[in-house]
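Structure first, commentary second.
Since the structure is predicted, the reported quantities are computational estimates derived from the model, not experimental observations. By convention in this document, chain letters (A, B, ...) are assigned in the order of the sequence lines, proteins followed by strands, and residues within each chain are numbered from 1.
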Amino acid sequence: MSELTLTVMRLGFLAVLWLFVIVAVQVIRSDLFGTRVTQRGSRRDAGRAQQAQRQAPPQQRQQPTGGRARRNAPTKLVVTEGTLTGTTVALQSQTITLGRAHDSTIVLDDDYASSRHARIYPDRDGQWIVEDLGSTNGTYLDRTRLTTPTPIPLGAPIRIGKTVIELRK
Amino acid sequence: MSSTTNPSTQHTSTIGSIGTPSRRNTELGLLVFAVVIPVFAYANVGLAINDEVPAGLLSYGLGLGLLAGVGHLVVRKFAPYADPLLLPLATLLNGLGLVAIWRLDQSELLQDIGQAGTAAPRQLLYTAMGIALFIVVLIFLKDHRALQRYTYISMVGALFLLLLPLVPGLGQNIYGAKIWISVAGFSIQPGEFAKIVLAVFFAGYLMVKRDALALASRRFMGLYLPRGRDLGPILVVWAMSILILVFETDLGTSLLFFGMFVIMLYVATERTSWIVFGLLMSAVGAVGVASFEPHIQQRVDAWLDPMREYTLSRQGVGGHSEQAMQALWAFGSGGTLGTGWGQGHSELIRFAANSDFILATFGEELGLAGVMALLLLYALIVERGVRTALAARDPFGKLLAIGLSGAFALQVFVVAGGVMGLIPLTGMTMPFLAYGGSSVIANWALIGILLRISDTARRPAPSPAPNPDAEMTQVVRPS
């Protein structure tokens, strides 16, 4: 075998080996660049920020929302006021519970919230409903205190104590 | 301490990609690539040594392709959401190992001293057995959490496996290390399997004990000192690895087990103090044993001054290891781009050229560029393992995945570091590359378990079952 052929094969093999490595890295590039980091809002002080971090819900995993055909369907729940400001939770046809209890989806660190305060769930048509769970201080949709499960319009503020959340696309 | 109040969510943070696709087709594409590269290398070796394309090219390529294809189909059927990279990476490393072993088989020097000749077909057989075990793991291990039930059985099993080589009549002392047992004509290294079983035990144990280990501690000089009784398990594992070191004179295995335990302890408790303790204890243990155990002492001497050992050994006046120096020469003569497949002389490292020292062959024939690529392939396997641990939803799966990938990483470090002269040489095998049945089979099983965990982790959560009561009482229906 001529020297030239062998040299070409030698360099060619290294090139192919590195090509494999590069292709493999391309496959997982979403690991390197694609993770979405939620920016939290401005924090009043470090202690509060830490609390908010601890209580950020673990269920931020985002999953396919299962072919919901409705347009204008909300895809996430955003906390706009209170200690958890900036927290978002993906809506994935699962009930979201709010309250001070540790097993709540969103653990509220709020003196005015009950341990099981309210829940948000989709009905059969995919319309999201908010329901007060017999809380002491009540759940407000805009300015009205809830007495029955009520559909949530997109962007309408839901108030629980000092916390305000809304649904967004 | 902010983490005390909410233990239920403490270690369950998850990262998942958005709209996780199964990515099986990506895996298939990479797998084809991973089979083509070793076939190319095989042809290259034949052309360089014998001036012709080797006769076995078709059967060899088809054999590797068939094994990889069967593995892929099983993953497609039984673990559809598993990680797309692990199988191709393992296949590529295994294939390159086969080529290097076959290349050393061609060397007349090694054939004459009985170190090679028919190693490649045997290694292909071991690979087939490894992939068979991989398939068995994927089919029968439906959920990795089933392993959690066998926490303490695993402990007993691991100790049993580790002690097997010491049983008289069963254990074999090969070149100073008692890590083999001989069953029906086969030499088996139980330590390779003990690695996996021990990871199961550590994961199950630490999952239960991690709160006690993490929280009940006093702060002293910036370190969290654990309580005496919580220190118990780490002392037991430490003593165990020292005993392995003393009675089996196996530096690598004891380092691997202790290191794996410290890694898992750190991940479970998030306490840096464990790493400090672990490093201190392994340093004390290694130095202590090295000071009176002659076999270890020789290894350290060969590491500190390989040239002196080489010269002494050549002159026949003492000196125990020529290989450490020979391996360095192999790397050196390879240079940046290597000599090319089949054109190096790594067979001059006569003994264990195709097992412990196989990395020297790669270093000589593929050069720095090739070895870097190989190390990156290993790093990618470890990265996928750690990623699996991050994505896993249950603490047991997290710990098991981190333990297995940590052990894999440590093994690569210990072997590569030993061959390259960074640390004293230990008798371990490069996963997938080196000749040796136990290693290949055990590492395929390890990849199988990692794939199972990643399949569970990446699988989309099932939609919640509708609660009939809630519908009756709480939904407002237009009548």
Tell me, side chain or backbone of [X] under 4.5 Å from chain A's heavy atoms, or both, or neither?
X        : answer
B/Leu380 : side chain
B/Leu85  : side chain
B/Ile37  : both

- Is A/Trp18 reaching over with its side chain to a backbone N or O of B/Ala369, donor-acceptor style, under 3.5 angstrom? yes

- Which is it for B/Val36 and A/Val16 under the side-chain contact (heavy atoms from CB on, under 4.5 Å) test, yes or no, and what are the steps along the way? CA-CA 10 Å; B/Val36 168; A/Val16 170; over 6 Å; no

Approximate separation, where rounding is to 0.5 Å, of [X] [atom1] and [Y] [atom2]:
X        : Y       : atom1 : atom2 : answer
B/Asp83  : A/Ile28 : CG    : CD1   : 8.5 Å
B/Gln343 : A/Thr7  : CD    : OG1   : 7.5 Å
B/Leu377 : A/Phe20 : CG    : CZ    : 6.5 Å
A/Phe13  : B/Asn44 : CZ    : CG    : 7.5 Å
B/Thr339 : A/Arg10 : OG1   : CZ    : 7.5 Å

- Item | Among B/Leu337, B/Leu376, B/Leu374, residue most engaged with chain A (heavy-atom pairs, under 4.5 Å) |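 Looking at each option in turn, the highest pair count goes to B/Leu337.
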
- Task: Please say whether more than 12 non-hydrogen atoms of neighbouring residues, nucleotides or ligands are located less than 6.0 Å from OH in A/Tyr112.
- Result: no

- Item | For the student: nearest non-hydrogen atoms of B/Pro84 and A/Val27, plus distance | CG-CG1, 4.2 Å

- Task: With a 4.5 angstrom heavy-atom cut-off, could you sort out which part of A/Leu19 is near chain B: side chain, backbone, both or neither?
- Result: both

